[in-house]
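Throughout, residue positions are numbered sequentially from 1 according to the sequence presented. Read the numbers this way: they start at 1 and go in the same order the structure lists the ligands and their atoms.
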Amino acid sequence: MRLSTATLGSALPYDRSKVTPGIVHLGIGAFHRAHMAAYVDDLLARDPRWGIIGASLRRADTREALAPQDFLYTLAMRDASGTKVRVIGSLLDVLDANTQRQQLIDTLADPRIRIVSLTVTEKGYCHDPASGTLDRKHPDIVHDLAHPDAPVSAPGLIVRGLELRRERGIAPFAVMSCDNLPANGKTTGRIVAEFARLRSAELGDYIAANVAFPSTMVDRIVPATTDADREAVREATSLEDAWPVVTEPFSQWVIEDRFPQGRPAFETVGAQLVDDVGPFELMKLRMLNGSHTTMAYLGYLGGYQYVSEAIADPGIRKLVHGLMTEEAMPTLPMDRAELGAYRDQLLKRFANPALKHRTWQIAMDGSQKLPQRLLGTIRDRLAAGQPVNRLALGVAAWMRYVTGIDEAGSPIEVKDPLAARLRGIADAARRDAERLAVGLLTVSDVFGTDLPANVDFRETVTRHLGSLFANGALATARAAA
Ligand code: CS2
């Protein structure tokens, strides 16, 4: 039997028929469904005005999977001690932007919607990751400037929604980014206002003056769902669910409290509301995501399919421990004991044997991830005259990975918006470490212009890259640990 309102019975702690939409969420992937949607589900019994209308900007698969089950889905939380499952009912609908564009735009203009949240991944912001500004040449941005009432990008949709609300005298929604970008609220605000200004100076000024873009730090490890997960959920619940989500028990959400039109009482369901998310964000990006990215490339090249396997390798574990303790922690504003406890908790989370988190999944879109995960830390340390040995190995491992050929000579499926350009540079360098490092460092969307000019940094990366080619990832990690 398929999961649905009829087969679920009264398992939810609220009457779902009384829930009304208050949030539009762009990018309805596994992460959102395991994170924000679960927090919202916890508060609907107390306040039913915050149901979520999800939207997929690229593919219709989430809508197709969830519509036959009334947009209900199972959330499974797993660790070594076992699995807990619950059904989430906070998602009321999922719109496929390609076929339901007008309905999505109408929903953005609906006065009941007071928050538009996003998890569209780094590349969904159509920005230049090194500078955090709009990429005006991005094909989706070019499209949306030519067709402002039929936008395809996240900035285009948000601006269209805000424009219609303004025309109709409806207060603007708050825009809440839940992606792993640095200063994600500010960055989103800058990109959205810049896009709006290209439409009209007046619209840009209106948005800059009237729309809130609270920053958030979001954290939950959510691997892509597999068929084995679907089967396990069916066994646990006796119901078919076409797209359950599997995650860890841990979850964290820190939100900047700037919602002029009101917000749900997120603090009653475990989120932290603060004045400044900056320190939390930096800590998470540099410690968790910086380690993840480093492990993803070294682990993949070393033959480990999952993060839990990579972190069990003594060389990688020591390297990641050192990267956090010696190189990331000194750049962060929190005290050392607090950071040490955070690090130890991360090492446990990475080792969770019940999560099948693929190194290949994290390796995706490295060009968009490197700046905030490794390069910011590197910049801070270089400016203070401190060594960046382990961080530079993370960068070198990315360079080795984007050559598209693994240590056994087999192809790597490199997923990255810049994949073709990166591969071209690798081919031209014929995998010569020095030429490759110099060539990739000229990709200014990733490295800016300061890092390629830094001789120490360039030499350290080149040395690691030479070792990755000569000795392989695992031996190089051991030597750098
Ligand atoms: C991961 C993140 O895929 C990735 O790049 O590093 O998705 C990570 O699992 C989350 O940020 C954890 O909160």
Task: atom 2 (C) of ligand 1: nearest protein contact (heavy atom, Å) - done: Asn289 ND2, 3.7 Å
Task: Partner residues of Arg258 under the side chain to side chain donor-acceptor pair (under 3.5 Å) criterion, sequence neighbours left out - done: Glu256
- [ ] Let me see the working for Lys186 and Glu281 under salt bridge (charged side-chain N to carboxylate O under 4.0 Å, His left out), right down to the final yes or no.
- [x] CA-CA 12 Å; Lys186 209 185 227 151; Glu281 235 180 350; over 6 Å; no
Task: Those atoms of ligand 1 less than 4.0 Å from some heavy atom in Asp219 - done: 12 (C), 13 (O)
Open item on the list: Show me which atoms of ligand 1 lie under 4.0 Å from any heavy atom of Arg373.
Closed with: 1 (C), 4 (C), 5 (O), 6 (O)
TODO: Verify whether the ring centers belonging to His292 and Phe350 lie closer than 6.0 Å.
DONE: yes
TODO: If you have a sec, work out which protein heavy atom is nearest atom 10 (C) of ligand 1 and how many Å separate them, to one decimal?
DONE: Lys284 NZ, 3.7 Å
- [ ] Report the member of Leu285, Val222, Asn180 with the shortest heavy-atom distance to atom 7 (O) of ligand 1.
- [x] Asn180
Task: Atoms in ligand 1 flagged as close to Lys369, the criterion being non-hydrogen separation under 4.0 Å - done: 3 (O), 4 (C), 5 (O)
Open item on the list: Closer than 4.0 Å to some heavy atom of His357 - which atoms of ligand 1 meet that?
Closed with: 9 (O)
Task: side-chain hydrogen bond (donor to acceptor under 3.5 Å, both in side chains) assessment of Arg63 paired with Ser56 - done: CA-CA 8 Å; Arg63 178 176 170 81; Ser56 304; over 6 Å; no
TODO: Identify the protein heavy atom lying closest to atom 9 (O) of ligand 1, giving its residue, its atom name and the separation to 0.1 Å.
DONE: His292 CE1, 3.3 Å
- [ ] Answer yes or no: is there an ion pair linking Glu326 with Arg390, defined by an N-O contact shorter than 4.0 Å?
- [x] no
TODO: Answer yes when Asp365 and Lys123 have at least one side-chain N-carboxylate O distance shorter than 4.0 Å, and no when they do not.
DONE: yes
